[in-house]
Amino acid sequence: MKALHAVLILFVLSAFASSASAETAVEAIAAHKHMGVASCSNSVCHGASQPFRDSDVMQNEFAIWQEFDPHAKAYQVLEQPKSKAIAQKLGLGDPTKAQVCLDCHADNVPAADRGERFQISDGVGCEACHGGSESWLNAHADRKVAHADNLAKGMYPTEDPIKRAQLCLSCHMGEKERMITHRIMGAGHPRLSFELDTFTWLHPHYKVDANWIKRRGDWNGVRDWAVGQGVAAENLLSLLLDPKTGWQGIFPELVLFNCQACHKLMKDNNWGPRQGTGLGPGVVRLNDANLVTFRYALAPVDKTAAQRVFEQTRDLHRATTQSRDATFAAARTLRATLESLLPKVAAYNFDAASLDPIFASMVADGERGEFRDYAAAEQASMAAQSLVVAFENDGKLDKAKDATLKARLDTLYNAVKDENNYSMTSFVAALKSLRSAAP
Ligand code: HEC
Ligand code: HEC
Ligand code: HEC
Ligand code: HEC
C-alpha cells in the first residue's frame, strides 16, 4: 500500500444517514456543460487564499486543491515519462491524447460539453466531482438557494455516501465506461485500491462541522466506510457481469481477480485454506476484499445478512471453477443481496456501540485465516483506521490510550505496507493488539 500513514483527522461526528435519492448517477456529471476550474477560482468565489470567516464554506478550496490535492496533478502525471512508458507499451501514442487515460486523469467530457474556460490540463477539476456547473454556477452562491435546487440543476450529491462511493470508485476501481484493465496494469500502471472514508480525508478541501450538517445532512465516517465497501463489492460484480468489461478473449478480465493469486513466487509454496472462498490450492480467485470487509460492516447491522453474504460469496467463488453461466448466476444473486442491503447500511446509525462488533468480526476472521490474501488485509487496515477515528470522535479516550491506539494502528499499517512482503501472521497479531487497545 502507498504511503497512507495513519493521519487521524477529527471532525464533528454525528449519527444517522442521509436518505439516498435513487436516480442521480455518475453519468449525469457529463449531462451539463463543464465551465472549467477557472470559473470557480475567482478570489471572491473559491479562490481565496485564506478561509472566509462568515461563509458557509471555506472559499479557499481552489488553493487547497491546487496545492495539496493529487487530482489537480492528474493530467500532469500523463506528461511524465512513466505514463509515456505505459502508453508506449500499449501502443496508445501520446498518453495526454489517449482517451482511456484521460477518462480518469482529467475531466474528459465531450468537446461540446466544454465551456470557454475549460481546460483539459486542469486534470480532475471541480466539475469532475461536483458536476457540470452550467445551470447552477450563477445561482449556487446565493444562500437563499437550497442545496436541493442545485442538485436538481446538475450538482453532484458528494455528501451522500452511496453516490460519493460510486463517484470515487468510477475512477479508483473502474467502471464500464472507464475501465482499468490487467493489460494497463501489465504495462506498469499502479494497482488501484480505495476506501471511501480514508480517502475522503486524505486531502480535504472541506470541513464537516455543525454548519455543514445543518446544510448537507448527517456525517458518519464508519457508515461511509461501510457503504464504500458495499458499493465497491457491487461494482466488482457489475464489471464481472458486463460482457464488454468482464472478459478479454478466453479469459475473464484479470484485474477483477486477486493479484497475488498469480503474482507470487513459486518457491513460497505456502497455500492454505480460506473458508471464505472454499477453494482448494492452485485456483485463481476473484478479488473479494470488499466482500470480506462488507461483512464486518454488517456485523452490527444484521448478522444474518452477514452470513448470507459470506455464503453467497463462497457460492460465487465455487461457481468460477464451474462455468461462466454458473458464475453469472451466482454474481447476480450476490449483487441483488448487496443492492437490498446497501440502503439499510446507509441508514444505520454506526454509533460507538457498533464499533466493537465490527472489530470482533475482523479479529475472528483473522483467526480463521481469512487474511491470507493481501487485498483483504489492506482493506481491513483501512477499516481499522476508520474505527480508530470513530473511537477518538466518541471522546472517551484519554491521551495515553489514544497514543497507544495510534501506535498500534501504525503497526497494522506497516504490516500491509509492502504487498510483496506480506505476512498474515504479523498482520493478524497487529490486528488483535489494536483491538485490545480499543475502549
Ligand atoms: C479507471 C481509471 C484509470 C485509468 C483508465 C487510468 N488511470 Fe492512471 N491512475 C488512476 C488512479 C485512481 C491513480 C492513483 C492511484 C492511487 O494512488 O491510489 C492512477 C495513477 C497513475 C499513475 C501513477 C501516478 C503517480 O502519482 O505516481 C500513472 C503514471 C498513471 N496513472 C498513468 C496512467 C496512464 C498512462 C493511463 C492510460 C494508459 C492511465 N493511467 C489510465 C486511475 C486510472
Ligand atoms: C475528487 C473529487 C472532488 C474534486 C476534484 C473537488 N471536490 Fe469539492 N468536494 C468533494 C467532496 C467529497 C466534498 C465533501 C462532501 C460535500 O461537502 O459535499 C467536497 C466539498 C466541497 C465544498 C464544501 C461544500 C459544502 O457545502 O460545505 C466546496 C465549496 C467544494 N467542494 C468546492 C470545490 C472546488 C471549488 C473544487 C475545485 C477547485 C473542488 N471542490 C474539487 C469532492 C471533490
Ligand atoms: C475522474 C476520475 C477521478 C475521480 C472521480 C476521483 N478520483 Fe481520486 N484520483 C484520480 C487520479 C487519476 C488520481 C491520481 C492522481 C495523481 O497521482 O496525481 C487520484 C488520486 C486520489 C488520491 C490520492 C491517493 C494517494 O495515494 O495519495 C485520493 C486520496 C483520492 N484520489 C480520493 C478520491 C475521492 C475521495 C474521490 C471521490 C470523492 C475521488 N478521488 C474521485 C482520479 C479520480
Ligand atoms: C490469472 C493470473 C493473474 C492475475 C489474477 C493477475 N495477473 Fe498480472 N500478470 C499475469 C500474467 C500471465 C502476466 C504476463 C506476464 C508476462 O508477460 O510474461 C501478468 C503481468 C503483470 C504485470 C507485468 C509484469 C511484468 O513483469 O511485465 C503486472 C505489473 C501485473 N501483471 C499486475 C497485476 C495486478 C496489479 C493484478 C491484480 C489487479 C494482477 N496482475 C492480476 C497473470 C495474472
Side-chain angles (χ1 to χ4, degrees), residues 1-4 26 29 37-41 45-47 55-66 68-78 80 83 89 101-108 122-130 133 140-141 147 150 155-161 163-172 174-175 178 180-209 211-213 215-217 219 224 228 251-263 284-287 375 419:
M1 176 154 67
K2 275 181 72 175
L4 285 181
V26 174
I29 287 180
V37 173
S39 312
C40 318
S41 63
C45 302
H46 297 288
S55 172
D56 282 340
V57 303
M58 301 196 292
Q59 299 199 216
N60 63 342
E61 293 84 6
F62 170 75
I64 298 174
W65 171 82
Q66 196 178 40
F68 302 106
D69 190 331
H71 293 117
K73 316 257 161 20
Y75 176 91
Q76 272 99 296
V77 163
L78 299 179
Q80 292 170 6
S83 288
K89 288 182 193 163
C101 309
L102 289 171
D103 279 350
C104 291
H105 284 261
D107 186 12
N108 198 23
D122 283 333
V124 180
C126 320
E127 291 162 291
C129 290
H130 291 291
S133 67
H140 81 290
H147 184 51
N150 294 324
M155 187 183 271
Y156 194 84
T158 40
E159 73 282 0
D160 176 322
K163 295 294 184 297
R164 177 152 36 94
Q166 288 167 342
L167 167 69
C168 311
L169 287 165
S170 72
C171 293
H172 282 269
E175 50 145 17
R178 293 174 180 165
I180 194 93
T181 59
H182 182 258
R183 292 172 193 205
I184 299 179
M185 295 292 168
H189 196 280
R191 184 177 61 85
L192 299 184
S193 77
F194 186 81
E195 190 280 289
L196 185 63
D197 189 32
T198 309
F199 274 59
T200 295
W201 293 103
L202 274 179
H203 313 279
H205 54 271
Y206 35 81
K207 58 178 193 295
V208 172
D209 54 12
N211 176 309
W212 189 95
I213 287 166
R215 292 178 295 109
R216 310 294 293 274
W219 188 281
D224 288 1
F251 289 107
E253 171 48 63
L254 300 185
V255 86
L256 307 177
F257 286 76
N258 201 302
C259 313
Q260 277 76 24
C262 296
H263 293 285
V284 180
R285 47 202 178 277
L286 280 167
N287 179 0
E419 60 198 301

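Keep in mind that the numbers below use all heavy atoms, side chains included, and drop hydrogens, waters and symmetry copies. Atoms within a ligand are numbered from 1 in the order they appear, just like the ligands themselves.
The heavy atom nearest to atom 2 (C) of ligand 4, considering only Ala261, Cys262, Pro190, is found in Cys262. Nearest-residue assignment for atom 35 (C) of ligand 4 (options Gly186, Cys259, Pro252; heavy-atom criterion): Cys259.
Among the atoms of His205, an N, O or S atom falls under 2.8 Å of atom 8 (Fe) of ligand 2. Look at His263 and atom 8 (Fe) of ligand 4: an N/O/S atom of the residue is under 2.8 Å from the metal. Residue contact annotation: Cys168 places no N/O/S atom under 2.8 Å from atom 8 (Fe) of ligand 3. With a cut-off of 2.8 Å, atom 8 (Fe) of ligand 2 has an N, O or S atom of His130 in range.
Ranking protein heavy atoms by distance to atom 29 (C) of ligand 4, first place goes to Met185 O, 3.2 Å.
Shown in contact with Gly125 at under 4.0 Å from a heavy atom are these atoms of ligand 2, numbered in order with element: 5 (C). Ligand 2 places these atoms under 4.0 Å from at least one heavy atom of Cys129: 1 (C), 2 (C), 3 (C), 4 (C), 5 (C), 42 (C), 43 (C). Near Cys171, meaning under 4.0 Å from any of its heavy atoms, are these atoms of ligand 3: 1 (C), 2 (C), 3 (C), 4 (C), 5 (C), 42 (C), 43 (C). Atoms of ligand 3 found under 4.0 Å from any heavy atom of Leu202 (numbered from 1 in listed order, with element): 29 (C). Ligand 2 places these atoms under 4.0 Å from at least one heavy atom of His46: 29 (C), 35 (C).
At a heavy-atom cutoff of 4.0 Å, ligand 2 is contacted by no atom of Met58, backbone or side chain. Contact annotation for His71 and ligand 3: only side-chain heavy atoms (C-beta onward) come within less than 4.0 Å of the ligand. Counting heavy atoms closer than 4.0 Å to ligand 4, residue Asn287 contributes nothing at all.
In terms of N/O distances under 3.5 Å, ligand 2 is not approached by Glu61. Checked by distance only, ligand 2 and Thr158 come closer than 3.5 Å through their nitrogen or oxygen atoms. Distances between N or O atoms of Arg191 and those of ligand 4 include no value under 3.5 Å. Taking any N or O of Thr200, backbone or side chain, none lies under 3.5 Å from an N or O belonging to ligand 2. Checked by distance only, ligand 3 and Asp103 stay at 3.5 Å or farther apart across all their nitrogen or oxygen atoms.
Within 6.0 Å of atom CZ in Arg215, more than 12 heavy atoms from other residues, nucleotides or ligands are found, so the atom counts as buried in its surroundings.
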